[in-house]
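Values below: every heavy atom of this structure, side chains too, minus hydrogens, waters and symmetry copies. Treat the numbers as computed from the prediction; the structure is a model and nothing was measured.
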Amino acid sequence: MKILFLEDDQILSDILLHHLKESGFEVVHVEDGESALDEAYDNKFDLMILDINVPKKSGLEVVKTLREYNNTTPTIIVTAYHDTTHMKNGFESGCDDYIKKPFDLEELDLRIKNIQKRFSIESDEEVHFDSAVSLIPTKNRLKVGQTEYQVSHKECEILLYLSSHKKRVVSSEELMQNLWEYESMPSDATIRVYIKNLRNILGKERIKTIRGSGYYFE
C-alpha cells in the first residue's frame, strides 16, 4: 500500500515513518500542504495521512481541495485538537477517519486496517456485491454464480471504485484521477474498453452509461 504522509514535526515524522515502513508500506513524506497537493496530483496513493497544522496549506485544506477535484483517496486526518469542532470540520472537508494526538502506534494500525477493509485495499477477503457476484481483489478474480473470470488489475480497480461510489455517476475523468498516476493516464476510449469488458461479464444492467456524464453502478 502506498501512503502519502503529511507531517512537519520531525520527531513524530521519524517515529511514524519508521513504523509505517517496518509495516511494509511504501511512504512518501512531505512537510507542507502545497507539497502534499503536488504529490497527490502527480501520483496515485492508496491512503493519505494528513496532519492539520502544517505550513502553507493545512491538512484540511489539502483534503478539501482534492475532493473538489474528485480525488477520493481514503484519508486519515491527524490533529492535536481535541474539540468536536475540528473533528466536524475534518469530516465535512472529506476525510474518512480522524485521529487525535497523542496516539499509540497500535491505534494508528487499527485505523489503517479499518480503511483497508472499507475500501478493499490489498485485501485477500472476497468482496460481495450481492449474493451472486463477488470479487477477490488481490487475485483479480471476478465470480458470477459458480463461474470465475480473470480480469485485469485495472478492471478490478474500476469495479471496486464504482461499487464504493454507488448511487452516483462517476465520470471517466474521476476514474483517471483516482486510479492512474498523472504520467500514465489513459484515454476515454481505454476506459470504455475496460467498462465493456466488465459489462460482458456482469451484464449491461450492472454498469450503466449516463450519456455525457459517466458510469453508474447498480
Side-chain angles (χ1 to χ4, degrees), residues 1-4 24-26 28 36-48 62-63 65-75 94 96 115-218:
M1 184 163 74
K2 188 173 182 179
I3 298 175
L4 176 60
F25 301 127
E26 179 184 352
V28 174
L37 283 174
D38 289 341
E39 290 289 345
Y41 289 145
D42 293 340
N43 300 285
K44 176 183 176 295
F45 293 94
D46 300 300
L47 171 67
M48 297 186 294
V62 171
V63 69
T65 300
L66 291 174
R67 296 300 187 249
E68 290 172 352
Y69 283 89
N70 290 323
N71 183 313
T72 61
T73 303
T75 302
D96 300 282
I115 290 287
Q116 287 179 295
K117 184 175 181 180
R118 283 173 58 192
F119 293 89
S120 303
I121 303 170
E122 296 184 359
S123 172
D124 286 324
E125 293 184 12
E126 198 166 336
V127 179
H128 292 270
F129 304 117
D130 57 35
S131 59
V133 181
S134 62
L135 180 72
I136 305 174
T138 53
K139 297 181 180 179
N140 299 326
R141 192 171 298 164
L142 181 59
K143 296 171 65 177
V144 180
Q146 299 300 312
T147 306
E148 291 192 4
Y149 301 88
Q150 193 69 40
V151 296
S152 71
H153 181 64
K154 280 302 176 189
E155 288 164 355
C156 178
E157 287 188 331
I158 288 171
L159 183 56
L160 286 171
Y161 191 90
L162 292 175
S163 69
S164 65
H165 295 82
K166 287 182 179 179
K167 300 184 178 180
R168 75 171 178 85
V169 178
V170 175
S171 67
S172 294
E173 290 75 15
E174 182 175 341
L175 289 172
M176 292 178 198
Q177 290 171 4
N178 286 279
L179 301 181
W180 276 268
E181 294 187 356
Y182 180 78
E183 295 82 1
S184 59
M185 282 190 179
S187 64
D188 284 340
T190 300
I191 298 291
R192 289 196 295 270
V193 169
Y194 287 133
I195 295 294
K196 180 181 178 181
N197 291 341
L198 290 171
R199 281 180 174 150
N200 287 338
I201 297 172
L202 297 173
K204 293 181 179 180
E205 70 281 358
R206 296 305 299 266
I207 303 176
K208 296 181 178 180
T209 298
I210 309 301
R211 189 174 297 277
S213 298
Y215 304 100
Y216 185 92
F217 182 82
E218 289 191 352

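Side-chain N or O atoms of N43 include none that pairs as donor or acceptor with a backbone N or O of E181 at under 3.5 Å. Checked by atom type and distance alone, the side chain of K208 never pairs as donor or acceptor with a backbone atom of E218 at under 3.5 Å. A donor-acceptor pair under 3.5 Å is formed between the side chain of S164 and the backbone N or O of L160. Looking at R118, its side chain does come within 3.5 Å of a backbone N or O of D96 through a donor-acceptor pair. The backbone N or O of C156 sits nowhere less than 3.5 Å from a side-chain atom of N140 that would complete a donor-acceptor pair. Formation of a donor-acceptor pair under 3.5 Å by the R141 side chain with backbone atoms of Q150 is not found in this model.
The side-chain heavy atoms of Y41 and T65, taken from C-beta on, include a pair separated by under 4.5 Å. Considering only heavy atoms from C-beta on, D188 comes within 4.5 Å of R192 through its side chain. Looking at heavy atoms from C-beta onward, L202 lies out of side-chain contact with F129 at the 4.5 angstrom threshold. Taking 4.5 Å as the limit, every side-chain heavy atom of N197 sits out of range of all side-chain heavy atoms of V151. Looking at E155 and I201, their side chains never come closer than 4.5 Å, going by heavy atoms from C-beta outward. Using a 4.5 Å cut-off on side-chain heavy atoms (C-beta onward), D130 and R206 make contact.
For the residue pair S152 and Y194, the shortest heavy atom distance occurs at OG-CE2, 3.9 Å. When all heavy atoms of A40 and L4 are compared, the pair lying nearest together is CB-CD2, 4.2 Å. Nearest approach of Y215 to I191, heavy atoms of both residues: CE1-CG2, 4.0 Å. Nearest heavy-atom pair across N178 and K44 is O-CE, 3.6 Å. Taking all atoms of both residues into account, the shortest heavy-atom contact from I207 to I195 is CG2-CG2, 4.0 Å. The nearest pair of heavy atoms linking Y161 to R168 is OH-NH2, 4.2 Å.
Atoms CG and OH, from N200 and Y149 in turn, are 10.0 Å apart once rounded to the nearest 0.5 Å. The CD atom of E39 sits 7.5 Å away from atom NZ of K2, with the distance rounded to the nearest 0.5 Å. Once rounded to the nearest 0.5 Å, the distance linking CG of L198 with NZ of K154 reads 13.0 Å. In this structure, NZ on K196 lies 12.0 Å from OG1 on T209, to the nearest 0.5 angstrom.
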- request: Show the numbers, then the answer: is there a side-chain hydrogen bond (donor to acceptor under 3.5 Å, both in side chains) between Q177 and N70?
  value: CA-CA 7 Å; Q177 290 171 4; N70 290 323; 4.7 Å; no

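Evaluated for a side chain to side chain donor-acceptor pair (under 3.5 Å) with R67, the options T72, T73, T75 yield exactly one hit, T75.
Within 6.0 Å of the OH atom in Y69, the count of heavy atoms belonging to other residues, nucleotides or ligands does not exceed 12.
The pair E148-K139 does not count as a salt bridge, with every side-chain nitrogen at least 4.0 angstrom from each carboxylate oxygen.
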